[in-house]
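Side-chain atoms are counted along with the backbone in the values below, which use heavy atoms only and exclude waters and symmetry mates. Please read all numbers here as calculations on a predicted model, not as lab measurements.
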Amino acid sequence: FPSHDTPMEGYMETRNDIVNKLASNLRYLRINTKVEEPMCGKIKFMSQRHLAEMIGSQTQQISKFELGTNQMSATQVYRVAKIFGVSVDSLFGDLTKSDYKKTIKYDIYA
């Protein structure tokens with residue numbers, strides 16, 4: 001058995017590190033995603049309102065998620081991954097180093 005004095009292998013991220021990484025990746029994905037409005041066909045960058053409606057939340061909650069002041073539920077994390085077409089794991093990784101650009105159809109009934 002390892003002694004209590006033995007340091008852990010690798011680096012264990014703190015809860016704060018994890019929340020901040022998710023917050024940063026959520027904002028990164030949102031601002032790099034364009035949405036196509038179904039009625040008029042206009043394409044514009046995704047707003048916090050768009051994302052809130054897509055995951056069944058309120059706009060101010062998205063702001064708090066992106067600031068890392070509120071935590072997302074497992075259901076919300078799952079929905080975000082599906083919306084952006086990324087894995088749940090990648091939401092906690094180094095997404096900002098990729099060149100993610102995407103356009104999705106905006107449909108709150110999907």
Side-chain angles (χ1 to χ4, degrees):
F1 293 104
S3 76
H4 293 292
D5 299 339
T6 308
M8 276 201 221
E9 289 283 323
Y11 167 71
M12 284 296 281
E13 293 174 299
T14 66
R15 180 179 179 159
N16 211 31
D17 293 337
I18 294 166
V19 169
N20 287 336
K21 179 60 80 172
L22 177 59
S24 148
N25 283 339
L26 177 64
R27 184 176 191 318
Y28 177 81
L29 288 169
R30 184 182 60 76
I31 66 175
N32 283 288
T33 298
K34 293 180 182 175
V35 291
E36 182 180 338
E37 298 279 355
M39 299 302 257
C40 60
K42 277 188 184 176
I43 296 177
K44 53 189 170 184
F45 285 99
M46 182 182 283
S47 66
Q48 289 180 339
R49 180 187 58 82
H50 283 129
L51 184 56
E53 289 174 358
M54 289 177 171
I55 69 168
S57 186
Q58 296 177 357
T59 304
Q60 67 249 56
Q61 287 298 326
I62 300 301
S63 176
K64 290 176 180 179
F65 294 151
E66 289 183 358
L67 293 169
T69 56
N70 279 19
Q71 292 182 25
M72 300 177 78
S73 71
T75 303
Q76 290 167 324
V77 170
Y78 177 80
R79 286 180 180 161
V80 164
K82 288 290 186 195
I83 288 166
F84 293 115
V86 298
S87 70
V88 169
D89 276 358
S90 69
L91 292 174
F92 299 93
D94 289 327
L95 266 181
T96 52
K97 291 186 173 78
S98 70
D99 41 342
Y100 176 92
K101 297 264 185 259
K102 190 171 186 170
T103 301
I104 60 175
K105 294 225 183 262
Y106 176 64
D107 183 4
I108 62 170
Y109 305 106

- Task: Check whether any side-chain heavy atom of Ile62 lies under 4.5 Å from a side-chain heavy atom of Ile55, and answer yes or no.
- Result: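 Contact flag for Ile62/Ile55 side chains = yes.
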
- Task: For residues Met54 and Val80, determine if any side-chain heavy atom of one lies less than 4.5 Å from a side-chain heavy atom of the other.
- Result: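 No, every pair of side-chain atoms sits at 4.5 Å or beyond.
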
Determine, using the 4.5 Å side-chain heavy-atom cutoff (strictly less than), whether [X] and [Y] are members of one ILVMFWY cluster.
X: Val77; Y: Phe84; value: yes
X: Leu26; Y: Val88; value: yes
X: Val86; Y: Phe45; value: no
X: Leu29; Y: Val19; value: no

- Message: Closer than 3.5 angstrom, by distance alone: can the side chain of Ser90 be matched with the main-chain N or O of Gly93 as a donor-acceptor pair?
- Response: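 Not confirmed, Ser90 side chain does not pair with Gly93 backbone.
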
Mind listing the side-chain donor-acceptor pairs of residues 66-74 below 3.5 Å, one per line with the distance, residues two or more places apart or on another chain?
from  : atom 1 : to    : atom 2 : distance (Å)
Glu66 : OE1    : Arg30 : NH2    : 3.1
Glu66 : OE1    : Gln48 : NE2    : 3.0
Glu66 : OE2    : Arg30 : NE     : 2.5
Glu66 : OE2    : Arg30 : NH2    : 3.4
Thr69 : OG1    : Lys64 : O      : 3.3
Asn70 : ND2    : Gln61 : OE1    : 3.0
Gln71 : OE1    : Arg15 : NH2    : 3.4
Ser73 : OG     : Thr75 : N      : 3.4
Ser73 : OG     : Gln76 : N      : 3.1
Ser73 : OG     : Gln76 : OE1    : 3.3

List the atom of [X], the atom of [Y], and the distance in Å for their closest heavy-atom pair.
X: Ala52; Y: Gln58; answer: CB-C, 3.5 Å
X: Phe65; Y: Ala23; answer: O-CB, 3.1 Å
X: Ala81; Y: Ser87; answer: CB-C, 4.1 Å
X: Asn25; Y: Leu91; answer: ND2-O, 2.8 Å

- Item | Straight-line distance of Gln60 CD to Ser63 OG, nearest 0.5 Å |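 Interatomic distance, Gln60 CD to Ser63 OG, rounded to 0.5 Å: 8.5 Å.
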
- Item | OH-CD1 distance between Tyr78 and Ile83, expressed to the nearest 0.5 angstrom |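 Separation between the atoms: 11.5 Å.
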
